[in-house]
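In this text the structure is predicted, and so the values were computed from the model without any measurement.
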Amino acid sequence: DKPIFNNLVVGKDNFEFKHLTNDVDYLRLSSFYSSNTNIAVATKFLLSVKDSIHAPNLIVDVRNNSGGGFRTSQQFINFLCRYKGKVFILQNEKTASNAEKFTVRLKDNRNVTTLGETTVGTLTYGSNYGKTLSFPNHKFYFYPTDSSDKIDFKYENVGIIPQVILNSFTED
């Protein structure tokens with residue numbers, strides 16, 4: 001069996017920042033979950049690191065980020081849109097939902113390059129009702145979703161193809 005390099009092993013924290021070299025900084029964003037707690041953690045994290053992110057190249061890692069909502073991700077989008085250096089977004093086959101929306105909002109900026117694998121392709125449907133409904137026989141359940149997003153619909157069930165495809169079975 002060949003090792004698979006695309007999966008991201010993370011600890012308990014959803015957010016991480018590292019200076020890799022003088023020319024490269026690394027920002028891992030593992031969850032855009034929209035709970036008040038995660039939003040507060042994300043905001044505190046960004047405020048604590050934003051003045052330290054100044055290398056000419058920034059790797060933003062959203063591999064395995066299953067999404068959440070713009071209440072969490074928008075602050076990172078705003079920060080990255082103002083970032084003066086080059087941004088490299090790492091994505092994989094487990095990048096989904098709002099993490100995909102995050103990538104779409106940034107990928108066409110002149111200083112952004114996407115790398116990795118095609119994402120899941122679950123951008124447009126939200127679980128905004130927050131409940132599961134059961135059928136009268138209680139053998140089947142229904143989880144209602146909704147969608148009002150026309151911008152991202154072209155990626156639904158297709159995913160976002162990265163500008164630079166990395167092979168998950170090599171050390172790319």
Side-chain angles (χ1 to χ4, degrees), residues 3-21 24-55 57-83 85-107 109 111-132 143 145-146 149 151-152 155-156 159-160 162 164 166 168 171-172:
I4 299 175
F5 293 93
N6 68 336
N7 289 327
L8 177 64
V9 178
V10 296
K12 62 181 175 70
D13 295 328
N14 287 331
F15 309 101
E16 176 184 14
F17 171 71
K18 293 181 191 177
H19 289 291
L20 298 180
T21 70
V24 180
D25 286 339
Y26 172 84
L27 184 64
R28 180 177 52 79
L29 307 175
S30 293
S31 173
F32 294 140
Y33 187 63
S34 289
S35 71
N36 290 334
T37 300
N38 196 55
I39 294 166
V41 168
T43 301
K44 182 178 178 183
F45 168 79
L46 183 58
L47 290 173
S48 73
V49 301
K50 71 179 185 175
D51 292 334
S52 300
I53 302 173
H54 48 73
N57 300 291
L58 175 62
I59 297 169
V60 179
D61 195 342
V62 292
R63 290 176 297 165
N64 297 14
N65 183 326
S66 61
F70 282 121
R71 289 178 41 206
T72 305
S73 66
Q74 189 64 53
Q75 59 193 323
F76 294 105
I77 293 169
N78 294 343
F79 171 76
L80 292 169
C81 284
R82 291 188 304 271
Y83 185 72
K86 293 181 181 176
V87 176
F88 299 90
I89 299 176
L90 281 176
Q91 61 189 56
N92 68 359
E93 63 183 8
K94 295 181 182 176
T95 303
S97 191
N98 189 260
E100 292 175 289
K101 288 176 175 281
F102 169 88
T103 302
V104 167
R105 299 303 181 277
L106 292 168
K107 73 181 188 66
N109 290 359
N111 65 328
V112 173
T113 302
T114 58
L115 306 101
E117 301 173 308
T118 301
T119 62
V120 175
T122 56
L123 288 74
T124 60
Y125 294 96
S127 57
N128 299 313
Y129 298 104
K131 63 181 179 179
T132 301
Y143 190 77
T145 62
D146 64 346
D149 191 345
I151 297 169
D152 302 321
Y155 300 104
E156 191 66 29
I160 301 161
V164 178
L166 301 178
S168 61
E171 293 184 15
D172 280 352

- Might you work through the side-chain contact (heavy atoms from CB on, under 4.5 Å) test for Asp61 and Leu27, ending with a clear yes or no? CA-CA 6 Å; Asp61 195 342; Leu27 184 64; over 6 Å; no
- Message: Does Phe88 form a side-chain contact (heavy atoms from CB on, under 4.5 Å) with Val60? I'd like the steps, not just the answer.
- Response: CA-CA 6 Å; Phe88 299 90; Val60 179; over 6 Å; no
- Given Thr103 and Val62, is the side-chain contact (heavy atoms from CB on, under 4.5 Å) satisfied, shown in steps? CA-CA 9 Å; Thr103 302; Val62 292; 4.0 Å; yes
- Query: So Lys101 and Asn98, side-chain contact (heavy atoms from CB on, under 4.5 Å) or not? Walk me through it.
  - Reply: CA-CA 5 Å; Lys101 288 176 175 281; Asn98 189 260; 3.8 Å; yes
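Between Glu16 atom CD and Tyr26 atom OH the span is 5.5 Å, to the nearest 0.5 Å. Taken from OG in Ser52 to NZ in Lys18, the straight-line distance is 15.0 Å, to the nearest 0.5 Å. With values rounded to the nearest 0.5 angstrom, Leu115 atom CG is found 12.0 Å from Asn92 atom CG. In this structure, CZ in Arg63 is found 11.0 Å from CD in Gln91, a value given to the nearest 0.5 Å. Within the model, atoms CZ of Phe70 and CZ of Phe102 stand 10.0 Å from one another, a figure rounded to the nearest 0.5 Å. Residue Tyr155 holds its OH atom at 8.5 Å from CG of Leu123, rounded to the nearest 0.5 Å.
Thr114 has its side chain out of reach of Ile160: every pair of non-hydrogen atoms, C-beta onward, lies at least 4.5 Å apart. Contact check for Ile89 versus Thr113: no side-chain heavy atoms found under the 4.5 Å cut-off. Annotation: side chain of Pro162 is not in contact with side chain of Lys107 (no heavy-atom distance under 4.5 Å). Residues Leu90 and Leu166 have side chains in contact (heavy-atom distance under 4.5 Å, counting atoms from C-beta outward). At a threshold of 4.5 Å between non-hydrogen side-chain atoms, the residues Leu29 and Asn14 do not count as touching.
Closest approach of Thr122 to Ala96, counting heavy atoms only: OG1-CB, 3.6 Å. Listed here is the closest heavy atom pair of Glu117 and Glu93: OE1-N, 3.1 Å. A pairwise comparison of heavy atoms in Gly67 and Ser97 identifies CA-CB, 4.1 Å as the closest pair. Across all their heavy atoms, Asn64 and Thr95 have their closest contact at N-OG1, 3.9 Å. Scanning all heavy atoms of the two residues, the minimum distance from Gly68 to Ser34 falls at C-OG, 3.8 Å. Here the shortest heavy-atom pairing between Asp25 and Ile53 reads OD2-CA, 3.5 Å.
The 12-atom threshold is exceeded at OH of Tyr83, counting heavy atoms of other residues, nucleotides or ligands nearer than 6.0 Å.
Defined by atom type and a distance below 3.5 Å, a donor-acceptor pair is present between the side-chain atoms of Asn36 and Arg71. At a cut-off of 3.5 Å, with distance as the only test, no side-chain donor of Asn38 or Ser35 sits close to an acceptor on the other residue. If you check the side chains of Ser30 and Asn65, you find no donor sitting under 3.5 Å from an acceptor.
Under the 3.5 Å distance criterion, the side-chain polar atoms of Ser48 are matched with a main-chain donor or acceptor of Phe45.
For Ala42, the side-chain contact (heavy atoms from CB on, under 4.5 Å) test picks out Phe15, Thr72, Gln75, Phe76, with sequence neighbours left out.
Taking 4.0 Å as the cut-off between side-chain N and carboxylate O, Arg105 and Asp152 count as a salt-bridged pair.
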